[in-house]
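For reference, the structure discussed in these notes is given below.
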Amino acid sequence: MPDTDICILGAGPGGATAALHLAQAGHRCLLLDRATFPRDKVCGDALSGKVLSELRRLGPELPARLAAEPIQLPSWGIDFYAPNGRRLAVPFKPKYNPATDRSAGHISKRLHFDNFLIEEVRRRPEIDFRENTEVARHEQLPDGRWRLFGPDDVEITTSRLLLVANGAQSSFARQVGGHALEPAHHCAGLRAYYRGVQGLHPDNFIELHFIREFLPGYLWVFPLPNGEANVGVGMLTEAVSKKKVKLRERLDEILQTHPALKERFATAERLGPVRGFGLPLGSKRRPLSGPGYLLLGDAGSLIDPFSGEGISHAMVSGRHAADWAGRALAAQNFSAGFLLGYDQAVYNRLWQELRLSRAMQRLLGYPWLFNFVANRAANNPTLAETISNMFLDLDLRERLRQPSFYVKLLMGR
Ligand SMILES: Cc1cc2nc3c(=O)[nH]c(=O)nc-3n(C[C@H](O)[C@H](O)[C@H](O)COP(=O)(O)OP(=O)(O)OC[C@H]3O[C@@H](n4cnc5c(N)ncnc54)[C@H](O)[C@@H]3O)c2cc1C
C-alpha cells in the first residue's frame with residue numbers, strides 16, 4: 001500500500017464521515033477497516049436528528065435518500081417509562097403529521113446504515129478504501145510519521161497524520177491517547193433482535209424503560225423494519241461491578257417477568273445471539289489529539305452519557321477531523337499544539353450537551369424525581385410539550401439542571 005498524508009483507521013460512521021469530507025475538500029486519504037462491509041455493529045440502531053443534519057452536510061440529498069430506503073423506519077418520538085411504570089410520550093416535534101412531515105429520527109440496523117455511508121465512500125475516487133485490513137500495531141517514527149502493521153507484522157502503510165476511528169476497543173486510544181477505561185465513565189450494553197414484539201407504537205416511537213429494580217440501568221425496545229425490534233439493556237460499568245449485575249440474565253428475566261413487558265414478549269422470537277459491547281461515555285473531557293493523530297467517535301470517548309447516542313457524535317468528530325487534517329496539511333504542521341484546535345472544535349459543538357446529559361444521567365439516581373416529572377407531565381400538556389422541545393433546544397434542557405424548574409412543577413405552574 002502507498003505511503004500517505006492522511007490515513008483513517010476504521011470505517012464506521014466516524015471514519016467514513018471524515019473520509020467523505022476530506023474527499024469533498026479535494027484531499028486523498030487511505031481508509032482502512034478490518035471488516036468487509038456490510039458489517040454488523042452492536043448498537044441500539046437509533047439515528048437521531050443530529051445524524052440527519054450531519055448527513056445533510058455530506059450531501060443535501062442524503063436524508064431524503066435514507067428516508068426512501070426500506071432499511072429504515074421513520075421514528076416520531078420517545079416513550080419514556082418512569083420507574084413507577086408511568087408512560088411519558090415525548091414526540092420529537094410537538095405537532096407532527098406522519099403522512100406529510102419528514103421524521104426527525106430513524107431506526108436502521110447498523111449493518112445497513114453503515115453500509116449506506118460506505119456506498120458513498122465507494123463512489124469517491126479520492127478515497128482509497130481497503131476492507132479486510134486489520135491494523136494490529138503502530139509505531140511513530142522519529143520524524144513523526146506513523147507506521148502501521150498487520151497481524152502478520154507486515155507493514156501496511158506509513159502516514160503523516162492518523163485519524164483514529166476504530167471504535168470503543170481502540171488500543172491506540174488507550175496506549176497513545178491515554179483513554180483508560182474508567183468504570184464511572186463507561187457503560188456496558190447488550191443487544192438482541194426480536195420478531196413479533198406486541199404493542200409497538202404506531203409512529204415507531206422508541207421505548208426507554210427505567211425499571212426500578214434495574215436502575216441505574218435501562219432497557220430499550222426500538223422498532224425496526226419487517227416487524228423486527230432491537231431490544232437491549234445498558235448500565236454504567238461502575239454499577240455493573242458494584243452490584244454484580246449479570247446483564248444477560250437480567251435482560252431475560254425482565255422480558256419474562258416484568259408486568260408491562262412479559263405479555264408483549266410472550267410470543268416474540270429472538271433472532272440470533274445476544275451481543276454485548278462497551279460504550280465509552282463523553283461525561284469526562286479527555287484529550288482528542290496528540291502529535292500526528294486525532295481521535296474520533298468512540299475512540300475519542302464521545303458517547304452521550306444519558307441517551308447512549310454515539311453515531312452522530314462520531315460523525316460530528318469526523319467532520320471536524322477532516323477540517324483539521326486539511327488545515328494541518330496546508331500548514332504542514334502536525335504538532336500536538338496545532339492539532340489542539342481539533343479538540344476545541346469538537347468540544348465547542350458537543351460539550352454543553354454532554355454536560356447536560358451527565359446531569360440527566362444523575363437523575364437516574366433519584367427515581368422519585370423521575371416519577372414526579374412523569375406524573376406531572378401526564379396531566380400537563382404544556383410540560384409534556386416543553387420536554388418534547390428539550391430534544392431540540394439546549395436552553396430548555398438547561399432548565400432540568402435548575403432547582404427552580406422542579407419548584408415550579410411542584411407548584412403546578
Ligand atoms: C449496546 C449499544 C447500543 C448503542 N445504541 C446506540 C443508538 O441507538 N444510537 C446511537 O447513536 N449510538 C448508539 N450506540 C453507540 C454507537 O454504536 C457508537 O457510538 C458508534 O458506533 C461510534 O462510531 P465509530 O465510527 O466511532 O466506531 P464504530 O462504529 O465502532 O466503527 C469502528 C470501525 O473500526 C474498525 N476497526 C476496529 N479495530 C480495527 C483495527 N484494529 N483495524 C482495522 N479496523 C478496525 C471496525 O471494524 C469498525 O468498522 C450504542 C452502542 C452500544 C454498544
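In each ligand, atom 1 is the first atom listed, and ligand 1 is the first ligand listed. Excluded from the calculations below are hydrogen atoms, water molecules and symmetry mates; all remaining heavy atoms, backbone and side chain alike, are included. Everything quoted here is computed from the prediction, not taken from an experiment.
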Check your understanding: Are side-chain heavy atoms of F37 and E131 found at a separation under 4.5 Å?
Key -> yes

Review point. For atom 2 (C) of ligand 1, what is the nearest protein heavy atom, given as residue, atom name and distance?
Key: C43 CA, 3.7 Å

Exercise for review: Just jot down the ligand 1 atoms closer than 4.0 angstrom to any heavy atom of I303, in number order.
Suggested key: 15 (C), 19 (O)

Check your understanding: So, are D40 and R191 salt-bridged, with charged N and O less than 4.0 Å apart?
Key -> yes

Check your understanding: Side-chain donor-acceptor pair under 3.5 Å between N375 and R86, yes or no?
Key -> yes

Check your understanding: Which one holds for T133 and ligand 1: side chain close, backbone close, both close, or neither close, with close meaning a heavy atom under 4.0 Å?
Key -> backbone

**Study point:** Residue part near ligand 1, for L302, under 4.0 Å between non-hydrogen atoms
**Key:** neither

Point to revise | Protein residue, atom and distance nearest to atom 5 (N) of ligand 1, heavy-atom basis | key: G44 N, 2.7 Å

Check your understanding: To the nearest 0.1 Å, how far is atom 19 (O) of ligand 1 from its closest protein heavy atom, and which atom is that?
Key -> D298 OD1, 2.7 Å

Check your understanding: Less than 6.0 Å separating the ring centroids of Y293 and F334?
Key -> no

**Study point:** Atoms in ligand 1 flagged as close to G14, the criterion being non-hydrogen separation under 4.0 Å
**Key:** 25 (O)

Exercise for review: Tell me, please: is D304 in heavy-atom contact with ligand 1, that is, under 4.0 Å?
Suggested key: no

Practice item. Select the closest option to atom 29 (O) of ligand 1 among R191, R137, R110, R130, judged by heavy-atom distance. Key: R110

**Study point:** Test item, P13 contacting ligand 1 (heavy atom, 4.0 angstrom)
**Key:** yes

Review point. Heavy-atom contact under 4.0 Å between G234 and ligand 1?
Key: no

Practice item. Specify the protein heavy atom at minimum distance from atom 9 (N) of ligand 1: its residue, its atom name, and the distance to 0.1 Å. Key: A46 O, 2.9 Å

Point to revise | Donor-acceptor under 3.5 Å (T158 side chain, R147 main chain) | key: no

Point to revise | H138 ring center near F172 ring center (under 6.0 Å) | key: yes

Study note, to complete from the structure: The atoms of ligand 1 lying under 4.0 Å from a heavy atom of A165, numbered in the order shown, are 32 (C), 33 (C), 34 (O)

Practice item. Report the member of R34, E131, R275, R39 with the shortest heavy-atom distance to atom 45 (C) of ligand 1. Key: R34

Enumerate, atom names and distances included, each donor-acceptor pair closer than 3.5 Å involving a side-chain atom of residues 42-49, sequence neighbours excluded.
residue, atom, partner, partner atom, Å
D45, OD1, R110, N, 3.2
D45, OD2, Y193, OH, 2.6
D45, OD2, N230, ND2, 2.8
S48, OG, K50, N, 3.2
S48, OG, E309, OE2, 2.4

Check your understanding: I107 and S75: which non-hydrogen atoms are nearest, and at how many Å?
Key -> CD1-CB, 3.8 Å

Review point. Do D298 side-chain atoms and S301 backbone N/O form a donor-acceptor pair below 3.5 Å?
Key: no

Study note, to complete from the structure: Residues passing the salt bridge (charged side-chain N to carboxylate O under 4.0 Å, His left out) test with R248, sequence neighbours excluded, are none

Practice item. Give the numbers and elements of all ligand 1 atoms closer than 4.0 Å to a heavy atom of K41. Key: 17 (O), 21 (O), 29 (O), 30 (O)

Point to revise | Distance under 6.0 Å and angle within 45° of ring axis: R270 vs Y194 | key: no

Check your understanding: So, for F210 and Y81, is the gap between ring centers shorter than 6.0 Å?
Key -> no

Check your understanding: atom 35 (C) of ligand 1: which of L31, D33, N166 has the nearest heavy atom?
Key -> D33

Check your understanding: Backbone, side chain, both or neither: what part of S170 comes under 4.0 angstrom of ligand 1, heavy atoms only?
Key -> neither

Check your understanding: Of all the non-hydrogen atoms in the protein, which one sits nearest to atom 27 (O) of ligand 1, and at what distance?
Key -> G167 CA, 3.7 Å

Review point. H313 near ligand 1, heavy-atom distance under 4.0 Å?
Key: no

Point to revise | ligand 1 atoms in contact with F277 (distance to a heavy atom under 4.0 Å) | key: 53 (C)

Point to revise | Aromatic plane relationship, F116 with F113 - under 30° parallel, 30 to 60° tilted, over 60° perpendicular | key: parallel

Point to revise | Residue and atom name of the nearest protein heavy atom (relative to atom 10 (C) of ligand 1), distance in Å to one decimal | key: G310 N, 3.3 Å

Practice item. Quick one: do D128 and R28 satisfy salt bridge (charged side-chain N to carboxylate O under 4.0 Å, His left out)? Show the steps, please. Key: CA-CA 8 Å; D128 184 356; R28 303 186 64 79; over 6 Å; no

Point to revise | Close-contact set for ligand 1 against L279 heavy atoms, below 4.0 Å | key: 50 (C), 51 (C), 52 (C), 53 (C)

Practice item. Just go through A314, G282, S48, G232 and tell me whose heavy atom is the nearest to atom 24 (P) of ligand 1. Key: A314

Practice item. Could you tell me whether the side chain of N166 and the main chain of L9 form a donor-acceptor pair under 3.5 Å? Key: no

Practice item. Look only at interatomic distance and state if G15 has a nitrogen or oxygen under 3.5 Å from any nitrogen or oxygen of ligand 1. Key: no

Check your understanding: What residue and atom, counting heavy atoms only, is the protein's closest point to atom 15 (C) of ligand 1, and at what distance?
Key -> G308 O, 3.7 Å

Review point. Any idea which atoms of ligand 1 are less than 4.0 Å away from a heavy-atom of V135?
Key: 40 (C), 41 (N), 42 (N), 43 (C)

Exercise for review: Using a strict 4.0 Å cut-off to heavy atoms of L9, name the atoms of ligand 1 that fall inside it.
Suggested key: 42 (N), 43 (C)

Practice item. Any chance you could lay out the salt bridge (charged side-chain N to carboxylate O under 4.0 Å, His left out) test for R250 and D252, step after step, and finish with the verdict? Key: CA-CA 5 Å; R250 292 294 281 136; D252 283 340; over 6 Å; no

